[in-house]
Each structure stands twice: as C-alpha cells, then as structure tokens.
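Here's the structure, in structure tokens; my notes come after.
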Amino acid sequence: MTCKHCGTEIADKALVCFRCGHATFEPQIRSGQVPKSGSRVPVIAALLILILCALFMSQAAVGQAPRLVSWVVAGLAVVVFVWRFWRRRR
C-alpha cells in the first residue's frame, strides 16, 4: 500500500505512515460528533450520596449510626443505579 499523503510504500496493515506520520484511514467518529450530556442530576446525586456516606461513616466509627441513615444511603444508591440504567436504555 502507498501513503496517500507522501506516496511512500508502507505495510498493508499500517495505521500511520512511518515517514510523514499521517493516518492511513479515516476515523470512524469525529471529535465534534460526540453527544454531550447536559444533565447534572447524576453528579448532584453522587455528591449527596458521598456526603451521606461520610456522615454515616463518622457515626459508625463511634458506634452511633442510626438505622435511618443507612436506609437513606441504600435508597439513594438504588435511585442512582435505576437512573443510570434508565438513561442507558433510552
């Protein structure tokens, strides 16, 4: 195969030309084609879970963790899991 840019003879399976460094194929996805997610809900939910986990761990270290906190942390984890699963299915 020959390089389309400089005309050098290169291997058939080469990804780039060894002389000029140009790619031997067109990329499948251009950098401008990647969709951007504008939702901040998962980030906010993750921060809330981290804060509640920190509070829970500080109370659990001294043996005073209330059951309500553990249920809230577990419930928020389930909500985030369901949210991510639902977003990926769409």
Side-chain angles (χ1 to χ4, degrees):
M1 160 168 69
T2 59
C3 176
K4 294 178 184 178
H5 184 61
C6 68
T8 304
E9 186 67 30
I10 55 176
D12 289 337
K13 294 183 179 181
L15 299 176
V16 294
C17 175
F18 66 89
R19 176 168 275 168
C20 66
H22 280 81
T24 59
F25 62 93
E26 291 295 319
Q28 297 292 329
I29 298 175
R30 301 244 183 237
S31 62
Q33 293 178 339
V34 179
K36 293 184 178 181
S37 174
S39 177
R40 295 194 184 262
V41 173
V43 174
I44 293 170
L47 286 174
L48 287 174
I49 288 174
L50 285 174
I51 291 169
L52 285 174
C53 285
L55 292 172
F56 176 73
M57 294 303 268
S58 66
Q59 290 179 351
V62 293
Q64 299 174 352
R67 278 214 182 268
L68 177 65
V69 174
S70 60
W71 282 107
V72 169
V73 169
L76 282 175
V78 169
V79 167
V80 169
F81 177 75
V82 170
W83 173 266
R84 290 182 53 94
F85 180 75
W86 179 72
R87 293 280 294 175
R88 288 186 184 197
R89 298 250 334 177
R90 276 195 321 157

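- Atom CZ of F85 has 12 or fewer neighbouring heavy atoms from other residues, nucleotides or ligands inside a 6.0 Å radius.
- Atoms SG and CZ, on C3 and R19 in that order, are 10.0 Å from each other to the nearest 0.5 Å.
- Interatomic distance, K4 NZ to F25 CZ, rounded to the nearest 0.5 Å: 11.0 Å.
- Between the CE atom of M1 and the CD1 atom of I10 there is a distance of 4.0 Å, given to the nearest 0.5 Å.
- Contact record, H5 with C20: CD2-SG, 3.8 Å, taken as the closest heavy-atom pair.
- At least one donor-acceptor pair under 3.5 Å links the side chain of T24 to the backbone N or O of A14.
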